[in-house]
Amino acid sequence: LWAGLAHYPSQVVPSSDTNRRLGDQTRACLEAARKHGLKVHAWKVCWQFENAPAELREQFRTEGRLQQNANGGTVNWLNPALPANREMEIAALEELARQYELDGIHLAYIRYPDSQSCFAPASRQAFERWRGQTVSNWPAEVRSGAGRQDYQRWRAGVITDHVREIRQRLK
């Protein structure tokens with residue numbers, strides 16, 4: 001399961017070509033594993049949107065739901081600062097957990113892609129709300145200036161809060 005693609009029939013994110021051609025890959029994996037007494041942990045690739053269908057990537061880019069680098073360029077990762085993106089990620093995980101008797105779920109890439117993301121307007125607004133003050137020189141102040149440590153702490157908190165919510169809702 002990726003941020004924008006599932007290898008099983010999903011109502012939350014598009015199904016992969018592999019699923020359409022070969023059928024439900026999660027079900028096939030579980031059936032094969034159970035025959036041999038193996039446990040199955042689903043692999044959820046968080047936030048990465050590179051392999052989502054092109055039209056969905058464009059829709060999300062237009063809606064401002066993807067991350068941006070400091071120059072305003074699109075980074076094909078969902079922006080974790082947006083509640084709609086966090087909710088989509090959790091809804092996909094809940095769907096997966098309801099449909100299949102999994103032994104666990106592994107959250108891969110449960111982070112920002114690098115230190116050069118995300119400087120999108122939505123991230124700025126969320127950070128300024130968290131910090132309680134505006135950033136006059138965006139993004140320079142949070143990339144290498146006085147706000148850098150606060151921004152790093154805020155980003156870590158966004159991810160930590162998301163993992164906490166996933167755990168609570170899947171439990």
Peer 1: State, to 0.1 Å, how close Pro9 and Asp24 come at their nearest heavy-atom pair, and which atoms those are.
Peer 2: CD-OD2, 3.4 Å

Peer 1: Hey, quick one: are Leu102 and Val163 part of the same hydrophobic cluster, counting side-chain heavy atoms closer than 4.5 Å, chains of contacts allowed?
Peer 2: yes

Peer 1: Between atom CG of Leu96 and atom CD1 of Ile105, what is the distance when rounded to the nearest 0.5 Å?
Peer 2: 5.0 Å

Peer 1: For residues Ala6 and Asn19, report the shortest heavy-atom separation together with the two atoms involved.
Peer 2: O-CB, 4.2 Å

Peer 1: Counting N and O atoms only, with roles assigned by atom type, does the side chain of Gln25 sit under 3.5 Å from a partner on the main chain of Gly23, one being a donor and the other an acceptor?
Peer 2: yes

Peer 1: Applying a strict under-4.5 Å side-chain criterion to I, L, V, M, F, W and Y, I'd like to know whether Trp77 and Leu56 cluster together.
Peer 2: yes

Peer 1: Is atom CZ of Arg20 surrounded by more than 12 heavy atoms (other residues, nucleotides or ligands) closer than 6.0 Å?
Peer 2: yes

Peer 1: Just verifying a value: how many Å separate Gln68 CD and Gln116 CD, rounded to the nearest 0.5 Å?
Peer 2: 14.0 Å

Peer 1: Can you establish whether the number of heavy atoms outside Gln11 located under 6.0 Å from its atom CD is more than 12?
Peer 2: no

Peer 1: Tyr100: what forms a ring pair (Phe, Tyr, Trp, His ring centres under 6.0 Å) with it, not counting sequence neighbours?
Peer 2: Tyr8

Peer 1: For the OG atom of Ser115 and the CZ atom of Arg143, what is their distance to the nearest 0.5 Å?
Peer 2: 7.5 Å

Peer 1: Using the side chain to side chain contact (heavy atoms under 4.5 Å, CB included) rule, take Leu66 and Asn85 through it: C-alpha gap first, then chi angles, then the decisive distance, then the call.
Peer 2: CA-CA 9 Å; Leu66 299 180; Asn85 288 344; over 6 Å; no

Peer 1: Taking the six-membered ring of Phe60 as reference, does the cationic atom of Arg65 (NZ for Lys, CZ for Arg) lie under 6.0 Å from its centre and within 45° of its axis?
Peer 2: yes

Peer 1: Any side-chain to backbone donor/acceptor pair from Ser123 onto Phe119? Under 3.5 Å, distance only.
Peer 2: no

Peer 1: Is there a chain of hydrophobic side chains (I, L, V, M, F, W, Y, each step under 4.5 Å between heavy atoms) that links Trp154 to Val75?
Peer 2: yes

Peer 1: So, applying ring-ring contact (aromatic ring centres under 6.0 Å, His included) with Tyr151, which one of Tyr112, Trp130, Phe127 is it?
Peer 2: Phe127

Peer 1: Please check this pair: side chain of Glu89 against backbone of Trp47, looking for a donor-acceptor N/O pair closer than 3.5 Å.
Peer 2: yes

Peer 1: Enter the distance from Asp17:CG to Asn51:CG here, rounded to the nearest 0.5 Å.
Peer 2: 10.5 Å

Peer 1: Sub-3.5 Å donor-acceptor pair from the side chain of Arg34 to the main-chain atoms of His36, do we have one?
Peer 2: no

Peer 1: Heavy atoms only: give me the nearest Val13-Ser10 pair and the separation to one decimal.
Peer 2: N-OG, 3.1 Å

Peer 1: Taking it one step at a time, do Gln168 and Arg164 satisfy side chain to side chain contact (heavy atoms under 4.5 Å, CB included)?
Peer 2: CA-CA 6 Å; Gln168 289 170 349; Arg164 187 176 292 117; 3.9 Å; yes

Peer 1: Nearest 0.5 angstrom please: Leu170 CG to Ile90 CD1, how far?
Peer 2: 8.0 Å

Peer 1: Taking the side chain as everything from C-beta on, heavy atoms only, tell me whether Pro80 gets closer than 4.5 Å to His162.
Peer 2: no

Peer 1: Not counting sequence neighbours, which residues clear salt bridge (Lys or Arg N to Asp or Glu O under 4.0 Å) with Glu101? List them please.
Peer 2: none

Peer 1: What are the two closest non-hydrogen atoms of Arg57 and Ala52, and how far apart are they?
Peer 2: NH1-O, 2.5 Å

Peer 1: Quick one: closest heavy-atom pair of Ser16 and His7, and the distance?
Peer 2: OG-ND1, 2.8 Å

Peer 1: State plainly whether one hydrophobic cluster holds both Leu78 and Leu5, where clusters connect Ile, Leu, Val, Met, Phe, Trp and Tyr through side-chain heavy atoms under 4.5 angstrom apart.
Peer 2: yes

Peer 1: Scan for salt bridge (Lys or Arg N to Asp or Glu O under 4.0 Å) pairs involving residues 117-141, sequence neighbours excluded, and state none if there are none.
Peer 2: Arg124-Glu128, Arg131-Glu141, Arg131-Asp150

Peer 1: Any link between Ile166 and Trp43 through a network of hydrophobic side chains (Ile, Leu, Val, Met, Phe, Trp, Tyr) touching at under 4.5 Å?
Peer 2: yes

Peer 1: Would you find a donor on one side and an acceptor on the other, under 3.5 Å apart, between the side chain of Asn79 and the backbone of Ala81?
Peer 2: yes

Peer 1: For a 4.5 angstrom cut-off between non-hydrogen side-chain atoms, does Tyr109 reach Lys44?
Peer 2: no

Peer 1: Taking atom CG of Leu93 and atom CZ of Arg169, what is their separation to the nearest 0.5 Å?
Peer 2: 9.5 Å

